[in-house]
Amino acid sequence: MTVVTRFAPSPTGYLHIGGARTALYNWLFAKHHACHGTGGKFFLRIEDTDRARSTQEAVDAIYAGLTWLGLDWEGEPVSQFARADLHRAAAERLLAEGKAYRCYCSTEELAAMREAARKEGRQRMYDGTWRDRDPADAPKGVDPVIRLKAPLEGETVIEDRVQGRVTVANAQLDDMVLLRADGTPTYMLAVVVDDHDMGITHVIRGDDHLTNAFRQTQLYLALGWDAPQFAHIPLIHGQDGAKLSKRHGALGVEAYRDAGFLPETLRNYLLRLGWGHGDDEIISTDQAIDWFGLENVGKSAARFDIAKLTNLNGHYIREADDARLVELVMERLEAGHPGRLAKDARDRLFKGMAGLKERAKTISELSENSTIYALQRPIEMTEKAQQQLGADGLALLRGLRPVLDAAGTWNDEALMATTREFAEAGGHKLGAVAQPVRAALTGSTVSPSVFEIMDVLGREETLGRLDDVLAGP
RNA sequence: GUCCCCAUCGUCUAGUCAGGCCUAGGACACGACCCUUUCAAGGUUGAGACACGGGUUCGAAUCCCGUUGGGGACGCCA
């Protein structure tokens with residue numbers, strides 16, 4: 001049997017981190033089955049039935065977020081709103097079959113019922129006023145909603161692929177609204193009709209939908225359809241242990257991109273947040289597709305840990321292709337230092353990237369560190385760097401300058417040998433010379449190897465920077 | 001409040017379904033040391049958890065019950 005999954009966000013904002021993980025799991029599950037013979041498809045459906053809150057910007061942000069994350073979907077995204085007629089038809093059918101009824105309660109009456117229910121410690125809010133009442137009693141001029149005639153007794157059971165068997169007494173569930181007074185379908189109806197029509201076999205979504213699954217199960221039953229397999233994955237919590245949501249600390253994926261995280265980092269991190277495969281931590285996407293399964297999804301919520309994400313990102317930066325990193329860095333540098341980039345910034349970055357990427361955990365940090373190559377002279381000095389350039393430091397640089405000027409081969413190894421020789425001749429350790437050089441060359445006390453830097457910068461630029469310092473303020 | 005779910009180091013987790021291989025393993029973060037031209041990376045190492053209480057059993061992190069704690073859901077939102 002072909003596995004069909006979907007990601008169904010409502011376009012009321014960016015694609016947040018929890019949604020991204022839900023999308024990832026659905027995508028992975030479909031890909032896994034596609035790669036293991038049985039077939040798998042992953043669809044995207046935009047749940048835009050709430051016209052007041054849905055925006056095209058949000059839809060675009062969702063596309064952009066998924067695309068950046070590298071999660072591709074089958075065909076055109078489905079607009080739930082565009083299918084409203086089908087949803088309505090399903091409700092009408094239930095009405096005709098006597099499985100649903102019109103309810104004329106006003107919002108005030110409903111509010112009173114809600115209050116009474118809570119006061120009495122009941123979960124069921126709607127009291128079924130119109131369930132068996134004669135439609136002839138209907139007040140004039142009131143547009144009714146259509147409610148499902150849900151079972152009053154017994155229990156509804158879902159065999160959740162993650163949570164196991166979950167049971168609730170039907171007495172807890174009231175008659176849900178299927179069609180609003182204005183004739184538009186509710187989420188509950190739309191989801192069921194759409195998932196059925198789209199042939200969804202596995203509904204993988206956040207644990208916050210677990211109670212919805214009960215109602216949806218009742219709806220599937222009433223409509224005479226088989227319910228899909230449900231898999232409710234635990235929520236992601238913030239540092240405070242509460243559900244991460246758009247209103248509560250969840251950032252959009254683009255915020256992580258802007259902060260300098262790589263998409264493969266997010267994929268790996270999000271995968272591991274709530275899913276495990278033995279002691280494996282670094283898991284490529286191909287490996288994830290091969291391994292992913294619902295059996296290994298944990299049952300408890302997980303906290304989002306930016307430190308671990310950052311560490312993982314460092315790993316993926318080190319692994320990333322230099323040319324790709326150069327482009328990512330150049331983009332930021334051009335935006336952050338307009339008009340101040342050196343002519344051969346790109347070439348230098350490419351040459352120095354191997355040393356640079358070893359030391360950065362985010363693209364932002366990498367860009368920051370890249371300025372030692374990318375920016376024109378004269379360079380800015382940090383206070384600590386300035387301290388390296390006291391009388392002693394400058395004296396060493398003054399001595400080293402002609403030695404470098406006369407150096408034969410201008411490369412990493414040769415320059416180190418030359419400098420070491422110079423240092424030892426003066427009774428210094430290499431580090432004693434290297435630090436002032438670093439300060440002069442980079443304006444910082446922290447950088448890649450100074451000899452690598454000289455190599456990347458070339459003789460002319462290196463000597464130029466030394467001269468800038470030697471010339472004094 | 002009612003219903004539902006969850007519970008292993010600070011965090012993410014392995015182990016739980018098929019009880020002994022667990023004096024509980026890995027990763028991040030933290031401490032120390034090594035490497036070293038700085039910083040990273042890397043290596044070695046330290047500290048650090050089965051929420052509690054009862055059962056069942058020769059034996060329980062693993063099974064059962066309860067307690068506590070945490071979370072989620074209770075809309076003519078999705």
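All values below were derived from every heavy atom in this structure, side-chain atoms included, with hydrogens, water molecules and symmetry-related copies excluded. All chains are named by letter (A, B, ...) in the order of the sequence lines, taking the proteins before the strands, and each is independently numbered beginning at 1.
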Taking atom types as they are modelled, would you say the side chain of Asp207(A) forms a donor-acceptor pair with the base of rG72(B) within the 3.5 Å cutoff?
no

Gap separating the OH atom of Tyr256(A) from the OH atom of Tyr269(A), nearest 0.5 angstrom
8.5 Å

N/O (side chain, Arg420(A)) to phosphate O (OP1/OP2, rU37(B)) under 4.0 Å:
yes

I'd like to know whether Arg147(A) forms a side chain to side chain contact (heavy atoms under 4.5 Å, CB included) with Met176(A), so could you lay out the CA-CA distance, the side-chain angles of the two residues, the decisive distance to 0.1 Å, and finally the verdict.
CA-CA 5 Å; Arg147(A) 288 184 184 270; Met176(A) 74 188 112; 6.0 Å; no

I'd like to know if Lys308(A) reaches the base of rC12(B) with its side chain, counting only an N/O donor and acceptor under 3.5 Å.
yes

Determine whether the aromatic ring centres of Phe214(A) and Tyr220(A) lie less than 6.0 Å apart.
no

cation_pi(Arg318(A), Tyr316(A)) dist<6.0 Å, angle<=45
no

When the C1' atoms of rG15(B) and rG26(B) are considered, how many whole Å apart are they?
11 Å

Heavy atoms within less than 4.0 Å of RNA chain B: which residues of residues 433-446 of chain A have one? Give them sorted by number.
Ala434(A), Gln435(A), Arg438(A), Thr445(A), Val446(A)

Distances for protein N or O near nucleotides 61-63 of chain B N or O, under 3.5 Å:
none

Whole angstrom is fine here: how far is it from CD in Gln386(A) over to P in rU38(B)?
21 Å

Determine the sole option in Phe292(A), Phe42(A), Phe7(A) for which the ring pair (Phe, Tyr, Trp, His ring centres under 6.0 Å) test with Tyr25(A) is passed.
Phe292(A)

Would you say the side chain of Asp48(A) and the base of rA78(B) hold a donor-acceptor pair, judged only by whether the two atoms sit under 3.5 Å apart?
no

Students often get this wrong, so: under 4.0 angstrom with heavy atoms, is Arg114(A) touching a base, only sugar-phosphate, or nothing?
sugar-phosphate

